[in-house]
Amino acid sequence: MANDQLPPEAGVHPAPRTVLDRLTAGADRAARITHTEHLPPRPGRHAPWPEQIRPEVVEAVRAAGIERPWAHQALTAAHALRGESVVVATGTASGKSLAYLAPVLSALLDGSEAPNGRGATALYLAPTKALAADQRRAVRALAEPLGKGVRPAVYDGDTPVEEREWVRQYANYALTNPDMLHRSILPAHPRWSSFLRALRYVVIDECHTYRGVFGSHVAQVLRRLRRVCARYGSDPVFLLASATASDPATAAARLTGVPVAEITEDASPRGELVFALWEPPLTELHGERGAPVRRTATAESADLLTDLVVQGVRTVAFVRSRRGAELIALIAQERLAAVDRSLPGRVAAYRGGYLPEERRAIEHALHTGDLLGLAATTALELGVDVAGLDAVLLTGYPGTRASLWQQAGRAGRTGRGALAVLVARDDPLDTYLVHHPEALFRQPVESTVLDPDNPYVLAPHLCAAAAELPLTEADLSLFGPAAPGVLTQLEGRKLLRRRGAAWHWTRRERAADLTDIRGGGGRPVQVVEEGTGRLLGTVDAAAAHASVHEGAVHLHQGRTYLVRRLDLEDSVALVEQADPPYSTTARDTTSISILETAAEIPWGEARLCFGSVEVTNQVVSFLRRRLITGEILGESKLDLPPRTLRTRAVWWTVTEDQLDEARIDPEALGGALHAAEHASIGMLPLFATCDRWDIGGVSVPLHPDTLLPTVFVYDGHPGGAGFAERAFHTAARWLTATREAIAACECDTGCPSCVQSPKCGNGNDPLDKRAAIRLLTRLLRDAPAPQEEVRPEARPGPPGA
Ligand SMILES: [Zn+2]
Ligand SMILES: [Zn+2]
């Protein structure tokens, strides 16, 4: 719960406008601002708690300093009390926890008076261990006056064996994560029978993080949970909390498999927010193929952080990597030392992996104003209370509008204005966004994309389910339309065997070990520290060749390692901690074949398709780039075997006539397709909640399956992840934005801000920026108007589930 009491000496609080004016006072600074958005303050709106909330709970909430709930909290609680699953999708610091905690605590108290002694239970799922620990602290503080009626306990990989039994038998609010549910709780469900029998609520916090392949896995884990609960006679209600997202009810229904109501109107008050978009200037340096290079977002953010600290403005700069965070803090400290010797100590770096006490100390120092500047990885996005800053710097677009608002929402406390600045990185998406503010400020937040029907995801969960309780025909509808086909395959592979009316798991090993729910399928490569033999983590098999090849600089939880050796036989990458002054990028060659066209839409003579493909990819070399400047230092060859991936793709074709009309001759064709492919991959994160690294692309002047010039964009995970499908459904909007992004770039022949890609397997050759614009213009002429585009069909849970 936010601490708003600040000592009076905590600092100055100039209006956000004034802060921005001072930032742009320098010689060529003002020109770097491409847009300023002013978001007016919003008053709060209260509502009474529903009557069924127990008076002790209302009293406990009051004792915590909350006299009356905001309207969205009361509304969420009302749904929960009626036994309706509900998702609350409101802004950062809008009090989502209280919205589900009030009904949950109330139910736990109701139950504690039950004659059988056990009473109702609730399960809380968080995407990270740290968040579950924070939640326990919050529940403990709130539930303190409620006495023994509420017994929260964390159950995760760190819970000592002797405590686990206590949790199973006595806790009535178990806080865990989907991994533990998958690996530990469900396989051992008989031990949890009394807990599961009484299970009233399942809370899914930060549910927007369950997207892509990980989200698809979690969706299947939740179906397994519902099946086991049904066996014990319970039918829990799902209470989900999400960052603001479009269509949260649809995504929540896809995740849980049950119908979910949505609460999206945020009734908490908000201070004024001034949001500036900032584009770093071009430098004298040259990148690949002589392209002009912009100043890095890291260097620019470090300058801005320095200036804000000098002004006494409390600021967090969000950065993707731990190393980036450390660099920004370091540069800012050096600059500050030149101004005043006391200032460097008031800036720090923050990243994931800190102990709770360390995090509290940093939060406290920020609250008191002892700390003025913090460069933080996005680990800070989850579970750490740093609401109430004066300014937030976003070093690069964080990938989704949802994250953007989550990060910007860290600035501003009740009744006080705040400043947010998005500093563009040198890539097409960031460049597009700083020149198209409407794409950030006039668009709803993207919906969360996941695909529980992916057979590669489904198969191991059917095995795990069969191991938990033999699978019956009646169970299949729960697991979705793909289940019967996958089941037949599993029988054929002798993983499951039918006996009587049910399928059984036949193997000795644990079925839950078949899959790592955070991985993408295939045997993950273990990343092991050479000197110590310590396992640092795993990398998806699909990504291993490109990310942990010999000589690769590998970031793990923000720390930097150098890969010594990749042993493909044993699926192990040996690494050592290092501090090279460069990053690495793999080069590869890719070919693709169409297995099945599932859907096809004519755009005049052009075709837009979606279906299954097989991608063959070989990593052949890697580049080293200097860290701060991005300058290329050299290329080294690699000797790795090709890999194949069966996945889903969206693709489009154009005809000879269309090429003629677009004045694209055969020499320009390859460069036009390739440039369009790159830019479209760069823009897809705007439409699907993916990272540009989750997807891949191939462009071919004459593809053997279509016999036409073709551009493919595919999901980089076996079986697909839902991103290509999303791209297919929003293709007119997606490709229109792609065309505009290329056309708006001020470079002559292509640069990282438009058509060059940092992950291009061909060294960004050939690329033809002008021809790509003409090609996309022609393609889009016969496309449906973007607003008429079919919305992706809502897919709630399967009937009868
Ligand atoms: Zn450009
Ligand atoms: Zn390329």
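Each ligand, and each atom within it, is numbered from 1 in the order the structure gives.
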Geometry at the Zn ion (ligand 1) - C754 SG versus C747 SG angle, rounded to 10 degrees: 100°

Approximate separation, where rounding is to 0.5 Å, of L659 CG and D665 CG: 10.0 Å

Parallel, tilted or perpendicular: rings of Y432 and H436 (30°, 60°): parallel

For the student: nearest non-hydrogen atoms of H717 and T647, plus distance: O-OG1, 3.0 Å

C751 atom SG and C745 atom SG as seen from the Zn ion (ligand 1), angle to 10 degrees: 100°

SB check R294 E300 (cutoff 4.0 Å): no

Of all N/O/S atoms in H674, the name of the one nearest the Zn ion (ligand 2): NE2

